[in-house]
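Note that this is a predicted model, so its numbers are computed, not measured. So that the names make sense, note that chain A is the first sequence line, chain B the second, and so on, each numbered from 1.
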2 protein chains.
Amino acid sequence: EKVVVTGATLNKGIAKVAICGVPDRPGVAARVFGALAREGINVRLIIQSVGQEKVTDISLVIGRSFLKQAVKILEGLRAGLKAREIQSDGSVAEVSIVGSGVAGTAGVASRMFRALARRRINIQLISSSEIRIACIVDAASGERALRAVHDEFQLYRLRRRLVAA
Amino acid sequence: EKVVVTGATLNKGIAKVAICGVPDRPGVAARVFGALAREGINVRLIIQSVGQEKVTDISLVIGRSFLKQAVKILEGLRAGLKAREIQSDGSVAEVSIVGSGVAGTAGVASRMFRALARRRINIQLISSSEIRIACIVDAASGERALRAVHDEFQLYRLRRRLVAA
Ligand SMILES: C[C@@H](O)[C@H](N)C(=O)O
Ligand SMILES: C[C@@H](O)[C@H](N)C(=O)O
């Protein structure tokens, strides 16, 4: 692979929240984020995967300090949007690898996922782009997950470990 | 908002594919991407949102030319993973806005989503990071979606329109 993974990060100061079972039609995402924007919620990742039969979920990774507020906002929207439920979990961490072209070939992604799988660390959310693959895991596995990707991509010698809290 | 949206892009040379109803436990993502990697599938976005009752979906945005091959690989995995189904759609486009900190506040995201909603363009997938918010829409709406975000963020004068096929 011509891809070079140049670093890995661990962020424990986050929470996962999702509004599940929303109608998959125009205007829904606008309404959800309009409500979050009005209250200044800090959003790190927005993730919407395929839905089923015109219904889908929208997941967010936010700063941990915003969790209670975000859940309140989403619960307030739930009835009006006919959403099935709000999910939330403050006990999560984000482990990412960064590098030019990381998501371009499936190879780098498969190595990251395998490194986590070998340590029995479950991947709860995935969000990737050209330059970064982010996995959300449970908070207790955060450090182990960071070491796993450091080992897999031999990052120790680069001294690129960044831990944010 | 201190966020500045500096550009927007439209990419029509893509396809959406997903393996749905996979067990949400360690090793599943590794297996899916291991199989895709062995065949050199070019992956642009990996999206996994929250699941339900230990089952979830993994969505991918890939280069259009890889669609048939990717579906074949995923169908080959389906029984072994006890996945419910494979979804795919070659008639999609990716519209993105880029800028430093775009996903940081919900405000920029809500403006992008509202711009698409006003034109009745459905958002099929969302993947965002610090510097980019990508929405997958149907291919026929691609140009209109690009214009929508250009108008919303007043990008014309920057002449930042990039269209890839
Ligand atoms: C679910 C949500 O993204 C919806 N499809 C919309 O366009 O707003
Ligand atoms: C669904 C998939 O991501 C699974 N949770 C895994 O860890 O591999």
Enquirer: Just how far is it from atom CG of Leu45(A) to atom CD of Glu130(B), taken to the nearest 0.5 Å?
Expert: 9.0 Å
Enquirer: Answer with side chain, backbone, both or neither: which region of Arg114(A) has an atom nearer than 4.5 Å to a non-hydrogen atom of chain B?
Expert: both
Enquirer: Is Leu81(B) linked to Leu74(B) within one hydrophobic cluster, defined over Ile, Leu, Val, Met, Phe, Trp and Tyr using a side-chain heavy-atom separation of less than 4.5 Å?
Expert: yes
Enquirer: Evaluate the criterion side-chain contact (heavy atoms from CB on, under 4.5 Å) for residue pair Phe113(A) and Ile46(B); output intermediate values, then yes/no.
Expert: CA-CA 12 Å; Phe113(A) 302 155; Ile46(B) 304 168; 4.3 Å; yes
Enquirer: So which of Arg84(B), Glu85(B), Arg120(B), Arg118(B) has the largest heavy-atom pair count under 4.5 angstrom toward chain A?
Expert: Arg84(B)
Enquirer: Looking at Thr56(B), Asp24(B), Ile58(B), which makes the most heavy-atom pairs under 4.5 Å with chain A?
Expert: Asp24(B)
Enquirer: Give the member of Ala117(B), Gly51(B), Ser59(B) that has the highest number of heavy-atom pairs under 4.5 Å with chain A.
Expert: Ser59(B)
Enquirer: Heavy-atom pairs under 4.5 Å with chain B: which of Gln52(A), Met112(A), Arg119(A) has the most?
Expert: Gln52(A)
Enquirer: Among Gln48(A), Arg38(A), Arg25(A), single out the residue with the greatest number of heavy-atom pairs under 4.5 Å to chain B.
Expert: Gln48(A)
Enquirer: Could you have a look at Ala18(B), Cys135(B), Ser110(B) and say which one has the most heavy-atom pairs with chain A under 4.5 angstrom?
Expert: Ser110(B)
Enquirer: According to a hydrophobic-cluster definition based on side-chain heavy atoms being under 4.5 Å apart (Ile, Leu, Val, Met, Phe, Trp, Tyr only), do Ile123(A) and Leu77(B) belong together?
Expert: yes
Enquirer: With a 4.5 Å cut-off on side-chain heavy-atom distances among I, L, V, M, F, W and Y, is there a chain of contacts connecting Val55(A) to Ile47(B)?
Expert: no
Enquirer: Grouping I, L, V, M, F, W and Y whenever their side-chain heavy atoms are under 4.5 Å apart, do Ile62(A) and Val71(A) come out in a common cluster?
Expert: yes
Enquirer: Between Gln87(B) and chain A, which part of the residue has a heavy atom less than 4.5 Å away: side chain, backbone, both or neither?
Expert: side chain
Enquirer: Look at Ile136(A), Ile121(A), Ile131(A), Val28(A) and state which one has the largest set of heavy-atom pairs under 4.5 Å with chain B.
Expert: Ile121(A)
Enquirer: Could you look at Ala29(A) and say if it's the side chain, the backbone, both or neither that has a heavy atom under 4.5 Å from chain B?
Expert: both
Enquirer: If the test is side-chain contact (heavy atoms from CB on, under 4.5 Å), which one of Ser127(A), Cys20(A), Ser49(A) qualifies with Ser49(B)?
Expert: Ser49(A)
Enquirer: Quick check on the interface: out of Gly34(B), Ala30(B), Pro26(B), Gly40(B), who has the most heavy-atom pairs with chain A under 4.5 Å?
Expert: Pro26(B)
Enquirer: Less than 4.5 Å to any heavy atom of chain B: does that hold for the side chain of Leu125(A), its backbone, both, or neither?
Expert: both
Enquirer: Treating Ile, Leu, Val, Met, Phe, Trp and Tyr as nodes and any side-chain heavy-atom pair under 4.5 angstrom as an edge, say whether Ile86(A) and Leu67(A) lie in one connected cluster.
Expert: yes
